[in-house]
There are 2 protein chains.
Amino acid sequence: MLVSPNPQKTSVHATSESVDDYLKAILELGGSEEALVTTNALAERLGIRTPSVTGMLQKLSSERPTLVHYEKHRGVRLAPAGKRRAWELVRHHRLLERFLHDVLKYSWDEVHEEAERLEHFISERFEDRVAAILGDPEIDPHGHVIPHKYAQGMFRNEVELARWPLRTPATITSVSDRNAASLREIERLGLKPGVTVTIEDVNSSGSLCVRLPGQMDVVRMNKNLAGSIFVTATP
Amino acid sequence: MLVSPNPQKTSVHATSESVDDYLKAILELGGSEEALVTTNALAERLGIRTPSVTGMLQKLSSERPTLVHYEKHRGVRLAPAGKRRAWELVRHHRLLERFLHDVLKYSWDEVHEEAERLEHFISERFEDRVAAILGDPEIDPHGHVIPHKYAQGMFRNEVELARWPLRTPATITSVSDRNAASLREIERLGLKPGVTVTIEDVNSSGSLCVRLPGQMDVVRMNKNLAGSIFVTATP
DNA sequence: ACACTGAATTAGGTTAGACTAAAATATTAT
DNA sequence: ATAATATTTTAGTCTAACCTAATTCAGTGT
Ligand SMILES: [Mn+2]
Ligand SMILES: [Mn+2]
Ligand SMILES: [Mn+2]
Ligand SMILES: [Mn+2]
């Protein structure tokens with residue numbers, strides 16, 4: 001008996017974990033302007049070598065219907081099918097983070113790694129049920145917007161705290177989830193999304209003095225940490 | 001910068017999804033006596049060809065520390081490390097089924113497929129937190145015993161309803177989770193684990209007439225369905 | 001003891017996705 | 001405009017896990 005693959009399953013998830021990772025990286029590196037993403041940037045982000053990236057982009061861009069548009073020596077951007085899958089993965093990731101945090105009591109520095117793995121493997125049903133028991137949450141534990149189902153997500157207008165002007169109040173919109181140690185440090189300093197901060201001073205090596213509302217003393221943080229905190233103008 | 005793999009992660013989950021599937025199949029086909037499992041039986045169960053099985057068994061049995069003991073032309077059985085991983089997968093699977101059913105409101109014919117996929121990818125933390133919010137459940141939705149963490153599981157003393165003697169009350173201990181359509185039929189007939197049944201009659205083609213307590217009429221089921229219901233003597 | 005048959009293994013091939021080393025191309029600096 | 005440098009691609013390998021076709025082996029019946 002030949003086992004014929006479930007066509008539903010195949011159509012829902014025709015992409016491998018590896019292809020998924022490329023698509024999500026292209027989405028995130030391309031940003032809101034959907035800029036061409038370079039081979040180098042992808043290799044760096046994915047932790048693999050550039051020839052592997054070139055090979056994958058050639059393969060992906062030669063398949064029909066194609067997931068990406070690739071221009072040799074120039075870069076790659078998502079085609080419609082690739083963009084759909086990438087945003088779906090972002091939704092899976094952020095819903096999973098919310099779920100792991102709220103239901104399974106993970107701390108906010110623990111959720112990313114698990115979500116990064118599971119986002120590839122959950123079914124549509126799992127996604128829908130998790131969204132339902134959470135009451136269709138809008139925001140993940142790090143302040144990132146959870147895109148709606150089947151919808152293209154949006155990039156928030158936010159900028160690294162490291163590039164915010166001095167003495168101008170800013171509200172934290174999100175923090176990068178990619179480094180657990182940074183997250184623990186950020187939490188220790190009381191810098192959750194929603195908190196308003198003012199940069200008092202930047203010293204020569206780039207480290208910041210930041211004032212929080214209703215706090216006596218300012219907090220100090222290095223450039224690196226200030227690069228993983230994102231803010232907008234306080235309304 | 002070379003990315004060195006997280007040693008914890010590696011030691012916890014050094015097995016691929018494919019190897020996982022072999023280990024679980026060897027566990028289940030070997031049964032409580034840990035009988036040698038044949039190449040054919042594995043190929044059949046896993047839906048792959050026999051030469052692929054031979055190749056995998058040769059590879060697995062030549063690695064140190066070995067997951068399986070393989071005797072050419074005779075069969076394969078689990079080595080200690082393989083048995084540990086296989087029981088861990090069984091625990092993951094059954095906990096996930098319980099979780100999907102109780103928390104995410106999956107029906108009992110929907111849980112198996114999702115658990116079969118996710119069992120390979122959840123972390124120890126996920127396993128522990130799910131067990132905690134469920135209150136360390138003992139039994140999965142199909143009546144299977146959930147093994148304790150790090151513990152070797154047990155095979156229950158149960159037998160297919162299809163081989164139970166006539167007119168002797170039997171209590172359903174579990175039902176096979178591998179066929180969703182059968183599960184829906186079993187549910188329709190009111191045959192949950194815990195229910196006591198008596199076989200009134202077996203007709204020539206092997207189909208059964210089964211009486212349930214406190215029910216007027218008997219239910220009819222074919223041989224196939226009676227082979228996916230497991231029972232023990234009613235105390 | 002020997003032929004038959006079914007099960008298992010060997011031999012050789014494919015695909016996905018990674019790697020290194022070398023070559024080609026693009027960008028930047030003189 | 002040309003040379004130096006950085007980026008990208010090509011060429012050739014490797015491993016995991018599957019496949020088909022051909023061969024070998026083990027158990028059975030005469
Ligand atoms: Mn989805
Ligand atoms: Mn996040
Ligand atoms: Mn585990
Ligand atoms: Mn089950």
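Residue numbers begin at 1 in each chain, while the letters A, B, ... track the order of the sequences. Computed from a prediction, not measured in an experiment: that's the story for all the values here.
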Practice item. Could you list all the side chain to side chain donor-acceptor pair (under 3.5 Å) pairs where at least one residue sits in residues 54-68 of chain A, not counting sequence neighbours? Key: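 Not a single pair qualifies under side chain to side chain donor-acceptor pair (under 3.5 Å).
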
Exercise for review: Determine which pairs satisfy salt bridge (charged side-chain N to carboxylate O under 4.0 Å, His left out) with at least one residue from residues 141-155 of chain A, sequence neighbours left out, and list them in order.
Suggested key: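 Residue pairs passing salt bridge (charged side-chain N to carboxylate O under 4.0 Å, His left out), neighbours aside: Glu124(A)-Lys149(A), Asp128(A)-Lys149(A).
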
Review point. So which pairs with a foot in residues 29-42 of chain A pass salt bridge (charged side-chain N to carboxylate O under 4.0 Å, His left out), sequence neighbours left out?
Key: Glu34(A)-Lys83(A)

Closer than 4.0 Å, any side-chain N/O of [X] to the OP1 or OP2 of [N]?
X	N	answer
Lys72(A)	dA24(C)	no
Asn40(A)	dT8(D)	yes
Thr39(A)	dT9(D)	yes
Gln58(B)	dA8(C)	no
Arg49(A)	dA18(C)	no
Ser52(A)	dA18(C)	no

Review point. What would the secondary structure line of DNA chain D be in dot-bracket form, counting Watson-Crick and G-U wobble pairs under 3.5 Å, with [ ] for pairs that cross earlier ones and | for pairs with another strand?
Key: ||||||||||||||||||||||||||||||

Between [atom2] on [N] and [atom1] on [X], what's the gap in Å once rounded to a whole number?
X	N	atom1	atom2	result
Leu60(B)	dC18(D)	CG	P	10 Å
Glu44(B)	dG6(C)	CD	C1'	15 Å
Leu57(B)	dA17(D)	CG	C1'	13 Å
Glu71(A)	dA26(C)	CD	P	13 Å
Leu36(B)	dA26(D)	CG	P	15 Å
Leu46(B)	dC19(D)	CG	C1'	15 Å
Leu42(B)	dA8(C)	CG	P	10 Å
His73(A)	dA23(C)	NE2	C1'	10 Å

Check your understanding: Sequence neighbours excluded, which residues qualify as side chain to side chain contact (heavy atoms under 4.5 Å, CB included) partners of Asn179(A)?
Key -> Ala181(A), Ser182(A)

Point to revise | Residue list, salt bridge (charged side-chain N to carboxylate O under 4.0 Å, His left out) with Lys105(B), at least two apart or on another chain | key: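 If we apply the salt bridge (charged side-chain N to carboxylate O under 4.0 Å, His left out) test to Lys105(B), skipping adjacent residues, there are no hits.
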
Name each donor-acceptor pair under 3.5 Å that joins a side chain in residues 22-31 of chain A to protein atoms two or more places apart or in another chain, with its distance.
{"from": "Lys24(A)", "atom 1": "NZ", "to": "Glu116(A)", "atom 2": "OE1", "distance (Å)": "3.3"}
{"from": "Lys24(A)", "atom 1": "NZ", "to": "Glu119(A)", "atom 2": "OE1", "distance (Å)": "3.1"}
{"from": "Lys24(A)", "atom 1": "NZ", "to": "Glu119(A)", "atom 2": "OE2", "distance (Å)": "3.1"}
{"from": "Glu28(A)", "atom 1": "OE1", "to": "Arg45(A)", "atom 2": "NH1", "distance (Å)": "3.0"}

Please write out each protein N/O paired with an N/O of nucleotides 2-4 of chain D under 3.5 Å, distance rounded to 0.1 Å.
none

Study note, to complete from the structure: What one should report as the nearest heavy-atom pair of Ala86(B) and Leu78(B) is CB-CD1, 4.0 Å

Review point. Partners of Phe230(A) by ring-ring contact (aromatic ring centres under 6.0 Å, His included), sequence neighbours excluded?
Key: none

Point to revise | Under-4.0 Å salt bridge between Glu114(A) and Arg125(B) | key: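 Arg125(B) and Glu114(A): not salt-bridged.
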
Please tabulate, one pair per line, all N/O donor-acceptor pairs under 3.5 Å involving side-chain atoms of residues 139-148 of chain B, not counting sequence neighbours.
{"from": "Asp140(B)", "atom 1": "OD1", "to": "His142(B)", "atom 2": "N", "distance (Å)": "2.7"}
{"from": "Asp140(B)", "atom 1": "OD1", "to": "Gly143(B)", "atom 2": "N", "distance (Å)": "3.1"}
{"from": "Asp140(B)", "atom 1": "OD1", "to": "His144(B)", "atom 2": "N", "distance (Å)": "3.1"}
{"from": "Asp140(B)", "atom 1": "OD2", "to": "His144(B)", "atom 2": "ND1", "distance (Å)": "3.3"}
{"from": "His142(B)", "atom 1": "ND1", "to": "Glu97(B)", "atom 2": "OE1", "distance (Å)": "2.9"}
{"from": "His142(B)", "atom 1": "NE2", "to": "Trp108(B)", "atom 2": "O", "distance (Å)": "2.9"}

Check your understanding: For the side chain of Pro51(B), counting heavy atoms from C-beta on, which of dT20(D), dT8(D), dC19(C) is nearest?
Key ->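 From the listed options, dT20(D) comes nearest.
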
Exercise for review: Using modelled atom types only, decide if a donor and an acceptor are shared between the side chain of Arg117(B) and the backbone of Phe121(A) within a distance under 3.5 Å.
Suggested key: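 Flag set: sc Arg117(B) to bb Phe121(A) pair under 3.5 Å.
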
Point to revise | First encountered from the 5' end of DNA chain C, between Ile48(A) and Arg74(B) | key: Arg74(B)

Check your understanding: Restricting to pairs with a member in residues 46-88 of chain B, which pass ring-ring contact (aromatic ring centres under 6.0 Å, His included), not counting sequence neighbours?
Key ->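 Listed once each, the pairs are Trp87(B)-Phe155(B).
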
Which atom pairs link the protein and nucleotides 12-17 of chain C when you take only N or O atoms and keep those under 3.5 Å?
{"from": "dG17(C)", "atom 1": "OP1", "to": "Ser16(A)", "atom 2": "OG", "distance (Å)": "2.5"}
{"from": "dG17(C)", "atom 1": "OP2", "to": "Lys59(A)", "atom 2": "NZ", "distance (Å)": "2.4"}

